[in-house]
Amino acid sequence: MKKQIQTPEYKVYYPLKNKKSKIEGTGAYALKEIPARKKIGDLGGVIISEREAIKRRRNVKQIAMVDLEDNLVLDASVNPNELRYINHCCEPNSYIRVTKNRVEFYSLRKIKVGEELSADYGETHHHGTLPCRCGAKKCRGFI
Ligand SMILES: [Zn+2]
């Protein structure tokens, strides 16, 4: 019998706008000030099985998937929200916390109106092979 996978409701708690990024491609900008250490929201998407994720990865150029627990994956290309366009930065203003069935974004410090949001995607995201263009003073060079 096929196990039913439930996707919880994912919300964004602060208004964000997607427009051209200063880092790469599209970015996410704060429309209102976000205080330090606040939950910005959950990355929108659908929960799929690892098997389904492998299938989907073959057919897409831009991968927007995050591994969760229990061989489940969040596919953020389906049912997306503004958080999908938060770019990687080696000196970010927000951070990602992956729980059992969510990918949460929190502010590390106060984020000003009009500021681009960024998060550290970690070294494993692209296995350290993709050149980083974040422009931070302490940039690691690769992600
Ligand atoms: Zn960097």
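The figures that follow rest on heavy atoms only: side chains count, while hydrogens, waters and symmetry mates do not. Just so you know, ligand 1 is whichever comes first in the structure, and atom 1 is the first atom listed for that ligand.
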Could you give all pairs that pass the salt bridge (charged side-chain N to carboxylate O under 4.0 Å, His left out) test and reach residues 15-32, with sequence neighbours left out?
Glu24-Arg133
Report yes or no: does Ser107 contribute a side-chain atom to a donor-acceptor pair with the main-chain N or O of Pro35 at less than 3.5 Å?
yes
Assess whether a salt bridge exists between Asp75 and Lys55, defined as any Lys/Arg side-chain N lying under 4.0 Å from an Asp/Glu carboxylate O.
no
Could I get the full list of ring-ring contact (aromatic ring centres under 6.0 Å, His included) partners for Tyr95, not counting sequence neighbours?
Tyr106
Would you mind counting protein N, O or S atoms that sit less than 2.8 Å from the Zn ion (ligand 1)?
4
Looking only at side-chain N and O atoms, does Thr99 offer a donor or acceptor that is under 3.5 Å from a partner on Glu104?
no
For Glu82, all residues meeting salt bridge (charged side-chain N to carboxylate O under 4.0 Å, His left out), sequence neighbours excluded:
none
